[in-house]
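Here is the structure we will look at.
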Protein chains: 2
Amino acid sequence: MKARGESSGEGAVYHHGDLRRHLIEVGERLLEERGVEGFTLRECARRAGVSPSAPSHHFGNVTGLLTAIATVGFDGLSEAQEAALVGAGDAPGARLRAIGGAYIRYALAHPGRFRVAFGHMPLNHEDPDLVTAGTRALEILRRELRALRGEPTGQTGDRDFDAAVALAWSAVHGFARLLIDGQLFAVDPSLDHDTYLNDIADRTLELLIRSFVGGSSSGPKSTRRRT
Amino acid sequence: MKARGESSGEGAVYHHGDLRRHLIEVGERLLEERGVEGFTLRECARRAGVSPSAPSHHFGNVTGLLTAIATVGFDGLSEAQEAALVGAGDAPGARLRAIGGAYIRYALAHPGRFRVAFGHMPLNHEDPDLVTAGTRALEILRRELRALRGEPTGQTGDRDFDAAVALAWSAVHGFARLLIDGQLFAVDPSLDHDTYLNDIADRTLELLIRSFVGGSSSGPKSTRRRT
DNA sequence: TGTACATCAGTGAACGCGCGTTCACTGATGTAC
DNA sequence: TGTACATCAGTGAACGCGCGTTCACTGATGTAC
């Protein structure tokens, strides 16, 4: 956590060393605590222990910092999905279940990132890093869905495929959002948070996947980590 | 639009007559234009042509006004769904398709309301009107899904049913959000906005409904209004 | 190994601005008699 | 029908605050010779 510029036991450091990354972390937390409406560069600076004008050296303005957080958000989502695919097995639907579960768990673990990546916030939407990161995350779903349907990759214009992508993405994305926004609990108020994250999420994914693979896919899930 | 208090041809009116409703309308538009981070009571007052302190007479603070907008949002959603059910027919899945389509169209027609109702914003979450309105909207889906499955209404604790509700809600909600947030276009960049709202939305709903009713339900949709 | 200098990274005081909120007020409306 | 008065609905000036941004600065690091 400490920078290479640090020379003594004192906390004061002139050259931080990795202020950019630190501001992104701190910004993410601020976003989770206060939402966009409470997100300010000055508060980020304060939390990073740095002068009020320091953040603009790295990001220009609020939009620049939010864009950086969104990019990290998409990259992290891609990595979480790819990691979940390792050892997911080859049973029909198993790979789709793995990335769907990873998507939901990622949103819950990093709601700040998730909201800024997918939400309605001021971003530099044409920022090349952001565009690349966003495309990469969606491409994982497209690839796995193609494979599941035994179709060749590449061509666009197949609207049945587009709809399949839209359904899979919408269902998982909607579940994640309703969960982190506290709405999903209304489905059955007698259940607690963990039951939603594990049992209900599993069953919902199972229902979704069945609509892609036909019969009931592989065994009864719950390779899921508890939280 | 003019108030009963108005006495002459002049625009200046002392007693507005329906300032509360007017502020809600104006606030909704401001929210669509600038998001929560640009939402201020003073700007609402300015747009309503009223003094800066007027809004707090009706809503107390920003949270109060947002809560009122959210309540209107839920109520409008319920009404849109119930209206879509009139004349939806009785074919299996037809009623589910109707409320799903209404949900998506409503989100697109009123993104400000939609975001404040379902988003992550400062609201008085225990406000009785808000709670009632939110419950009512979800209850429509629960009712129709129960009917589709031929189950009696009432009891909770059926997790398969909970998962079915979660899937239907998540899919429709996710589709709506990804669409209004401009993300869904990444599914196939060659398609335009109208194609998503009509063709892709129809196909996606069809896929979803098939997972509830088994075979392909009734005829090929598109009773949808163009936009 | 040492020196001079350029560049990088962050400082801190200052500015003007729009915000929420307060408070004594006043014009319009409604009601009792 | 008229009058007195209470209440309702909004005014407008004032306040203190935290914000983004600017700007001349300075300490630390890296490089050329």
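Protein chains get the first letters and strands the later ones, always in sequence-line order, with residue 1 at the start of each. Nothing here was measured: the structure is a model prediction, and the numbers come from that model.
Atom pair A/L19:CG and D/dT29:C1' shows a separation of 16 Å (rounding to whole Å applied). Whole-Å rounding puts the A/L23 CG to C/dA9 C1' distance at 12 Å. The CZ atom of A/F59 sits 14 Å away from the C1' atom of C/dG10 (whole-angstrom rounding). Spacing between atom CD of A/E37 and atom P of D/dC19 amounts to 14 Å, rounded to whole angstrom units. In this entry the distance linking CG of B/D18 with C1' of D/dC8 reads 15 Å, nearest Å. The nearest whole Å value for the distance from the CG atom in B/L30 to the C1' atom in C/dC19 is 13 Å.
Using a 4.0 Å heavy-atom criterion, one finds that A/G38 contacts no nucleic acid atom at all.
Scanning atom types as modelled, no donor and acceptor separated by under 3.5 angstrom connect the side chain of B/R42 and the base of C/dG18.
The A/H58 side chain lies nearest to C/dG10 when the options are C/dG10, D/dG10, C/dG20. Of the candidate nucleotides D/dC19, C/dC19, D/dG10, D/dC19 has the atom nearest to the side chain of A/R46. Closest contact between the side chain of B/N61 and the listed nucleotides D/dG12, C/dT21, C/dC19 involves C/dT21. Side chain of A/L41, nearest nucleotide from D/dG10, D/dT21, D/dA14: D/dT21. Minimum atom distance to the side chain of B/T40 is reached by C/dG20, of the listed C/dG20, D/dG20, D/dT11.
Summarising the geometry, atom CG belonging to B/D192 is positioned 8.5 Å from atom CZ belonging to B/F185; distances are rounded to the nearest 0.5 Å.
At D/dT11, none of the side-chain N or O atoms of B/H57 fall inside 4.0 Å of OP1 or OP2 (strictly under the cut-off). Between B/R34 and C/dG18, a side-chain N or O to OP1/OP2 separation shorter than 4.0 Å is absent. Between A/S53 and the phosphate of D/dT21, there is no side-chain N or O to OP1/OP2 separation shorter than 4.0 Å.
Between A/H173 and A/W169, the ring-plane angle classifies as perpendicular under the 30° and 60° cut-offs.
A 3.5 Å limit on both hydrogen-bonding distances identifies C/dT11 as the Watson-Crick or G-U partner of D/dA24. Checking D/dC19 for Watson-Crick or G-U wobble geometry (two distances, each under 3.5 Å) identifies C/dG16 as its partner. Of the nucleotides present, D/dT31 is the one that pairs with C/dA4 by Watson-Crick or G-U wobble criteria, both distances under 3.5 Å.
Using a 4.0 Å cut-off between charged nitrogen and carboxylate oxygen, A/D162 and A/R159 do not count as a salt-bridge pair. Of the charged side-chain nitrogens involved, none lies within less than 4.0 Å of a carboxylate oxygen, so that A/R34 and A/E28 do not count as a salt-bridged pair.
For the pair B/R177 and B/F118, the cation does not sit on the ring face, since its NZ or CZ is not both under 6.0 Å from the ring centre and inside 45° of the axis.
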